[in-house]
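Heavy atoms only: backbone and side chains are in, while hydrogens, waters and symmetry mates are out. Start at 1 with the first residue, then count along the sequence. Being a predicted model, the structure only gives us computed values, none of them experimental.
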Amino acid sequence: MSFIPLHIYSGFSYLQSGLPVERIPLLAKKLSYSHVGICDNGSLSGISPFYHLCEKYGVKPIIGMDCKTKMGTFSLFVENETGYRNLLPLTYLSSQGLLTYEDIAKHAEGLTCVYPFEESFFFGHYSSMTKEEILTLERLLAPFKHHYLGLPYDLDQVRLVEFIREFAKNHSYEVVAFPKILYIKKKDAL
C-alpha cells in the first residue's frame, strides 16, 4: 500500500505551520510520492502556487481544507469541479468564524471527507463512546459519498491507533493514514 501525504499544513495555515507551500511539491518529488495533498486550516490561499509547482515537478496535487466546527474537524478534499465550487463558500464562512457543520453538510457534493479521530467531538473519551455518539458520527459522515476515519501517526498513542482500527472494523469504516504534517524536520516546529 502506498502512502500519500494528505494532511499537510503550509504557511497559509497562519502560525500553525513552518512549511512554505513552495517546498511541498519539491519534497514530494524528492521522496518519490506520485501524489501530495495540501489541507490548510480554513484556507485555500496556497492552492495556486501548490498546484502549479506540482505540475512542474510531475506530482499530482490533491486540494483540501480543514474545516473546524464544534463537531470536530472535517478534512475535505476536492474530487471534481463541483467539490471545488462547494469548498469556496466554506472557506469564506471559515474566514468569518461562521462555519458550522450544517454548512459543510450542505456543500458535501464532490468532496471526500477524512474525519481525524484525534480532532473529533468525542476524542476525550473515545474508548467509552456511547451508542448515541456512534450514531452521531454516522450522521455526520452520511452527506459524503466518500468518507474515512483519519489514523494519526504518533508512537505515543499506540492504544489510540489500535482502538481506531478496531472501531473502524466493527462499524464498517475505512481508515487512511492521516498524520498532520506541519514542518519538514522537528527542529523546524513552531
Side-chain angles (χ1 to χ4, degrees), residues 1-69 72-79 83-84 87 90-91 94-95 99 104 111-121 123 126 141 144 146-165 168 173-190:
M1 176 174 16
S2 299
F3 172 70
I4 296 175
L6 292 173
H7 205 193
I8 300 175
Y9 275 20
S10 76
F12 285 98
S13 289
Y14 188 63
L15 294 179
Q16 297 175 60
S17 173
L19 187 55
V21 71
E22 296 81 10
R23 297 212 40 216
I24 297 168
L26 179 59
L27 286 168
K29 179 71 173 178
K30 283 183 178 179
L31 296 170
S32 300
Y33 290 125
S34 59
H35 298 67
V36 67
I38 188 172
C39 191
D40 281 315
N41 182 15
S43 175
L44 293 174
S45 298
I47 67 168
S48 181
F50 173 75
Y51 185 87
H52 293 295
L53 287 168
C54 280
E55 282 189 330
K56 176 180 176 180
Y57 294 116
V59 178
K60 184 168 170 113
I62 299 173
I63 307 300
M65 183 178 85
D66 268 3
C67 296
K68 296 185 185 286
T69 72
T73 298
F74 296 82
S75 299
L76 304 178
F77 294 93
V78 172
E79 295 175 358
Y84 177 73
L87 207 50
L90 299 179
T91 304
S94 181
S95 73
L99 183 63
I104 292 170
L111 294 170
T112 292
C113 177
V114 178
Y115 192 66
F117 223 78
E118 73 277 12
E119 296 181 36
S120 65
F121 70 94
F123 177 66
Y126 67 87
L141 298 178
F144 300 97
H146 303 105
H147 58 269
Y148 305 87
L149 296 180
L151 198 60
Y153 176 76
D154 188 343
L155 297 176
D156 296 330
Q157 295 186 341
V158 174
R159 287 183 46 211
L160 171 64
V161 171
E162 289 172 357
F163 173 82
I164 296 169
R165 286 186 173 145
Y173 286 105
E174 292 186 58
V175 296
V176 294
F178 206 60
K180 188 184 290 185
I181 301 168
L182 306 173
Y183 46 82
I184 300 167
K185 298 175 188 161
K186 282 193 178 209
K187 69 178 185 153
D188 295 335
L190 294 174

Task: Spacing of CG belonging to Leu90 relative to CE belonging to Met65, to within rounding of 0.5 Å - done: 5.5 Å
Task: Over all atoms of both residues, closest heavy-atom pair of Cys39 and Leu6 - done: CB-O, 3.6 Å
Open item on the list: Test your reading of the model: is there a side-chain donor-acceptor pair from Thr73 to the backbone of Asp66, 3.5 Å cut-off?
Closed with: no
TODO: Please assess Val114 against His7 for the test side-chain contact (heavy atoms from CB on, under 4.5 Å), listing each intermediate value before the final yes or no.
DONE: CA-CA 10 Å; Val114 178; His7 205 193; over 6 Å; no
- [ ] Would you indicate whether the side-chain heavy atoms of Pro179 and Phe3 approach each other to under 4.5 Å?
- [x] yes
- [ ] Any chance you could measure Ile63, atom CD1, to Ser48, atom OG, to the nearest 0.5 Å?
- [x] 9.5 Å
Task: CA sep, side-chain torsions, deciding dist, call: Leu53, Leu26, side-chain contact (heavy atoms from CB on, under 4.5 Å) - done: CA-CA 8 Å; Leu53 287 168; Leu26 179 59; over 6 Å; no
Open item on the list: Using the rule given for side-chain contact (heavy atoms from CB on, under 4.5 Å), can you reason through Phe163 versus Phe117, listing the C-alpha separation, both sets of side-chain angles and the distance that settles it, and then say yes or no?
Closed with: CA-CA 10 Å; Phe163 173 82; Phe117 223 78; 3.6 Å; yes
Open item on the list: So, taking the atom named CD1 in Ile24 and the one named CG in Leu19, what distance separates them when rounded to the nearest 0.5 Å?
Closed with: 4.5 Å
Task: For Ser43 against Thr91, the heavy-atom pair lying closest together - done: CA-CG2, 4.3 Å
- [ ] For Val21 and Pro49, work out which heavy atoms get closest and say how close.
- [x] CG1-CG, 3.9 Å
Open item on the list: Please report the interatomic distance CZ(Phe178) to OG(Ser75), rounded to the nearest 0.5 Å.
Closed with: 3.5 Å
Task: Side chain proximity check, Leu76 to Thr112, heavy atoms < 4.5 angstrom - done: no
Task: With sequence neighbours excluded, residues passing salt bridge (charged side-chain N to carboxylate O under 4.0 Å, His left out) with Glu119 - done: Lys68, Lys180
Task: Contact summary for Phe50 and Val36, nearest pair of heavy atoms - done: CZ-O, 3.4 Å
TODO: Considering non-hydrogen atoms only, spot the tightest contact between Pro152 and Gly150 and give its length.
DONE: CD-O, 3.6 Å
Task: Centroid separation Tyr115 to Phe74 less than 6.0 Å - done: yes
TODO: State whether the number of non-hydrogen atoms from other residues, nucleotides or ligands found under 6.0 Å of Tyr84 atom OH is greater than 12.
DONE: no
TODO: Can you measure from SG (Cys54) to CD1 (Ile62) and round to the nearest 0.5 angstrom?
DONE: 9.0 Å
Open item on the list: Is there a side-chain contact between Ile164 and Tyr126 in this structure, where contact means two heavy atoms from C-beta onward sitting under 4.5 Å apart?
Closed with: no
Open item on the list: Contact between Pro25 and Pro61 at the side-chain level, heavy atoms closer than 4.5 Å - yes or no?
Closed with: no
Task: Heavy-atom side-chain proximity of Ile38 to Ser10 below 4.5 angstrom - done: yes
- [ ] Over all heavy atoms of both residues, which pair between Ile104 and Cys67 is shortest? Give the atoms and the distance, please.
- [x] CD1-CB, 3.6 Å
TODO: Might you confirm whether atom OH of Tyr153 has over 12 heavy atoms from other residues, nucleotides or ligands at distances under 6.0 Å?
DONE: no
Open item on the list: Quick check for you: to the nearest 0.5 Å, what is the distance between Tyr51 atom OH and Lys60 atom NZ?
Closed with: 8.0 Å
TODO: Output, in order, the C-alpha distance, side-chain angles, deciding distance and verdict of side-chain contact (heavy atoms from CB on, under 4.5 Å) for Ile47 and Phe12.
DONE: CA-CA 10 Å; Ile47 67 168; Phe12 285 98; over 6 Å; no
